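Quick caveat: nothing in here was measured; it's all calculated off a predicted structure. Chain naming here is simple, since letters A, B, ... match the order of the sequence lines and numbering starts at 1 in each.
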Amino acid sequence: MATVRNRLKSMLARSAQSIAGYRDLETEVTIELDIPRNAGHGDYASNFALAVSKRLKRNPREIASEIVAGLGDSEGLLEKVEIAGPGFINLFVCPSAWQEIIREILVDPREYGRLKGAEHPMVQVEFVSANPTGPLHIGHGRGAAIGDVLANLMEARGCTVQREYYINDAGNQMDTLGRSLYYRYMQEIGENIEFPDNHYRGDYLRELAREFIADRGESFRASPLTECLPVFTEYAGRRIFEGIKEDLDVFGVRFDTWFSERELHDRGLVAQTIEYLRDRGFIYEHEGALWFRSTTFGDEKDRVVVRANGVTTYFAADLAYHRNKFERGLQSVIDIWGADHHGYVNRMVAGVEAMGESRDAVRIVLVQLVNLLRGGQPVAMSTRGGEFVTLREVVDEVGKDATRFIFLTRRTDSPLDFDLEVAKARSNDNPVFYVQYAHARLCSIFEVARERGLEFDWRATTPETLGLLQVRQEFELMKLLGQYPEVVGECVRSLEPHYIPYYLHQLVSLFHGYYHDNRILGEDAELTKARLCLALAIKEVIANALSLLGVTAPEKM
RNA sequence: GCGCCCGUAGCUCAGGUGGAUAGAGCGUCGGACUUCGAAUCCGCAGGCCGCAGGUUCGAAUCCUGCCGGGCGUACCA
């Protein structure tokens with residue numbers, strides 16, 4: 001069913017067609033509805049008359065009254081309409097329209113807020129994609145949460161979504177990793193050898209070296225590095241990657257596909273892509289290197305794809321990778337990147353466009369950095385320096401739910417302070433418990449109802465019974481429940497999940513206040529039924545929203 | 001230097017496509033449990049929305065210029 005807002009919008013749009021002079025305008029003015037802050041201004045308000053008054057050269061209040069006169073409210077949606085101030089049209093919706101929302105939710109709670117369109121565009125969300133040279137850190141965790149939830153949201157809006165992890169397992173960073181393990185290995189078996197600069201210093205490689213010794217013994221003591229390096233590289237890469245998968249699993253993140261960069265090279269796709277772009281006239285030679293003409297598509301300078309020494313760049317692999325994505329039949333690609341990669345956005349979009357895709361076939365979400373704090377004090381983080389806090393440590397310490405919720409409660413392009421002490425607190429500081437508590441509390445109401453032998457089936461509840469919901473907070477709750485589909489839609493439109501946690505907080509806060517002031521299980525049997533319907537709808541929407549966030553909705557806490 | 005992002009309450013942050021009196025949490029202070037969960041609720045205080053112009057009926061929101069902060073500016077990965 002269309003939302004109340006959309007039904008009102010089309011009513012207004014029909015009426016606007018009959019305004020004198022409106023149809024002569026070259027472009028239509030889209031009708032938008034605001035929810036006024038002040039309840040006296042109605043449930044929804046339109047500024048349409050103000051927006052067109054200049055172009056029609058007419059008084060906005062006159063226009064507004066014509067629109068109001070022409071409103072055909074065949075559904076009986078409106079209780080009253082007022083023209084206010086300079087020409088706002090304030091719409092007051094009938095109570096029954098809000099009460100219907102409860103039934104709409106309860107018919108299929110898990111589908112509420114979702115869209116089942118005829119089209120199911122194939123969308124890929126590529127995220128995390130951390131180099132397999134060390135464990136995931138807290139910043140990766142933020143990208144993981146955002147990517148995972150965006151994927152959930154796209155699915156909710158009718159897309160077929162593929163979650164992909166791009167593994168940067170090519171290039172000399174893997175050799176550096178292998179050498180790093182080798183040096184730790186030699187140290188662990190008692191060789192007096194210095195750990196060189198520019199290698200991975202993290203403690204995880206000391207641990208890995210000890211595991212390696214347990215697995216393979218000390219037989220490489222006499223082997224020259226050049227000879228045994230592949231063994232160390234393979235071991236380190238494999239074990240670290242296994243660790244990454246496990247950490248993601250604990251964090252509740254799963255991928256459909258793992259795409260290897262090395263495979264891209266091995267299958268010749270990088271070379272093929274360069275040839276493909278050369279055929280299309282976007283590759284030229286300059287000072288011994290091959291360049292991609294990304295300036296054609298708005299990049300600030302052209303980019304090297306093959307260096308003078310014959311080695312392809314990372315960007316060349318990225319071009320091949322994105323070409324491959326579209327060849328796999330994806331219609332839309334969303335890349336979740338760390339904000340420190342923002343300089344690569346233009347060249348990547350240029351690359352996609354050069355391959356004949358539209359500019360917006362690829363959308364890049366930049367996730368800002370996470371500042372890790374403990375009790376207000378910064379915690380130093382540096383991969384090479386080896387002093388950092390892993391995602392796993394954070395999740396083990398503060399839990400999956402709190403970690404995800406905090407990551408998702410900020411705009412993606414806003415830097416995030418993550419304080420371990422706050423995240424760990426089982427208190428008001430921690431918004432996830434506030435929301436989860438409401439769910440547990442709602443569950444316990446139904447538990448008590450059962451204990452009291454109360455017969456309750458929302459299907460048997462009539463509109464007349466729901467009409468007993470008349471308290472101010474009940475209307476506020478019903479209206480807010482009605483907004484949920486729009487909130488989900490807004491997240492998808494803007495690729496920003498944070499609206500969901502804010503919505504949840506608002507909903508739960510309203511509920512806690514309502515609960516405090518009113519008895520759900522009261523003296524009046526019919527009113528109790530009506531309130532249980534409302535309570536059930538709230539509980540379902542909370543669970544629905546939490547599941548989109550990948551956060552559990554506990555029945556008890 | 002150039003580019004991208006950000007400056008909103010003491011702190012951390014929300015404020016689609018411009019709307020009517022700028023919001024929340026935390027913190028401070030003061031109240032509310034004999035009841036369906038007090039991990040809750042209610043109230044007080046707290047603001048030149050970085051600064052200065054501009055656009056218009058109307059700007060936290062759009063434009064320009066400053067100031068301040070983060071990141072990026074490789075034939076690295």
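- Comparing the C1' positions of B/C62 and B/G18 gives an interatomic distance of 7 Å, to the nearest angstrom.
- Stacking annotation: A/H498 is not stacked on the base of B/A14 (requires ring centroids less than 5.5 angstrom apart and an interplanar angle below 30 degrees).
- Atom name C1', nucleotides B/A22 and B/G15: the rounded distance is 8 Å, in whole Å.
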Requested in this report: Starting at the 5' end of nucleotides 5-12 of chain B, put B wherever the base has a protein heavy atom under 4.0 Å, S where only the sugar-phosphate does, and a dash everywhere else.
Outcome: SS-----S
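- As rounded to the nearest Å, B/G27 and B/C11 have P atoms that lie 16 Å from one another.
- Using bins of under 30°, 30° to 60° and over 60° for the plane-to-plane angle, the ring pair A/F241/A/W258 lands in the perpendicular bin.
- Closest approach of A/N430 to A/A402, counting heavy atoms only: ND2-CB, 4.1 Å.
- Among the heavy atoms of the strands lying under 4.0 Å from A/N172 are primed sugar atoms or P, OP1, OP2 only; no base atom is included.
- Counting distance only, with no hydrogens placed and no angle test, the side-chain atoms of A/H342 and the base atoms of B/G3 include a donor-acceptor pair under 3.5 Å.
- In this entry the base of B/G16 is syn relative to its sugar, with a glycosidic angle within 90° of 0.
- Using a 4.0 Å heavy-atom distance criterion, A/R37 is classed as a sugar-phosphate-only contact.
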**Report entry** Per-nucleotide pairing state of RNA chain B [Watson-Crick or G-U, under 3.5 Å; [ ] pseudoknot-crossing; | other strand]
**Finding:** (((((.(..((((.....[...))))..((((.......))))......(((((..]....)))))).)))))....
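- Separation of the P atoms belonging to B/G10 and B/A45 is 15 Å when rounded to the nearest angstrom.
- Spacing between B/C71 and B/C57 at atom C1', rounded to whole Å, works out to 41 Å.
- A/F259 is not listed as a side-chain neighbour of A/S129, based on a closest heavy-atom distance of 4.5 Å or more.
- The side chain of A/L50 lies closest to B/G19, out of B/A77, B/G19, B/G37.
- Using a 4.5 Å heavy-atom threshold, the side chains of A/Q436 and A/F433 count as touching.
- Between B/G46 and B/C4, the two C1' atoms lie 34 Å apart (nearest whole Å).
- The shortest distance between side-chain heavy atoms of A/L33 and A/L12 falls below 4.5 Å.
- If you check B/A38, B/A77, B/A39 against the side chain of A/M557, the one that comes closest is B/A39.
- By the 4.0 Å N-to-carboxylate-O rule, A/E300 lies too far from A/R347 to be salt-bridged with it.
- Using a cutoff of 4.0 Å between basic side-chain nitrogens and carboxylate oxygens, A/K556 and A/E447 are not scored as salt-bridged.
- A/A449 comes within contact range of no nucleotide atom at all, as no heavy-atom separation falls under 4.0 Å.
- With distances taken from any side-chain atom of A/L369 to the nucleotides B/G15, B/C71, B/G3, the minimum falls on B/C71.
- At the heavy-atom level, A/E287 lies under 4.0 Å from base atoms of the strands shown.
- No donor-acceptor contact under 3.5 Å links the side chain of A/N47 to the base of B/A20.
- Residue A/L33 is the one, among A/Y514 and A/L33, whose nearest nucleotide of RNA chain B lies closer to the 5' end (criterion: closest heavy atom).
- With respect to the salt-bridge test (charged N to carboxylate O, under 4.0 angstrom), the residues A/K479 and A/E476 do not qualify.
- Atom CD of A/E451 has more than 12 heavy atoms from other residues, nucleotides or ligands within 6.0 Å.
- No engagement by A/D175 is indicated, since no non-hydrogen atom pair under 4.0 Å with the nucleic acid exists.
- Residue A/N371 is out of contact with every strand shown, counting any heavy-atom pair closer than 4.0 Å.
- Within 4.0 Å (heavy atoms only), A/N131 reaches sugar-phosphate atoms of the nucleic acid but no base atom.
- Backbone-only engagement by A/H512 is indicated by non-hydrogen atom pairs under 4.0 Å involving sugar-phosphate atoms exclusively.
- When each of A/V311 and A/R519 is assigned the nucleotide of RNA chain B bearing its nearest heavy atom, the one mapping closer to the 5' terminus is A/R519.
- Distance check on atom P: B/C51 versus B/A9 gives 11 Å, rounded to whole Å.
- Counting any heavy atom pair closer than 4.0 Å across all strands shown, A/S494 reaches no nucleic acid atom.
- Here A/A170 lies in heavy-atom contact (under 4.0 Å) with sugar-phosphate atoms only.
- Distance noted for atom P between B/G58 and B/G68: 33 Å (whole Å).
- Among the atoms of the strands shown, only primed sugar atoms or phosphate atoms (P, OP1, OP2) are found under 4.0 Å from some heavy atom of A/D340.
- At a cut-off of 3.5 angstrom, counting only N and O atoms as typed in the model, there is a donor on one side and an acceptor on the other between the side-chain of A/Y344 and the base of B/C76.
- Remark: A/E474 engages A/R531 in a salt bridge, criterion side-chain N to carboxylate O under 4.0 Å.
- Across all strands shown, A/F88 has heavy atoms under 4.0 Å from base atoms, whether or not it also approaches the sugar-phosphate.
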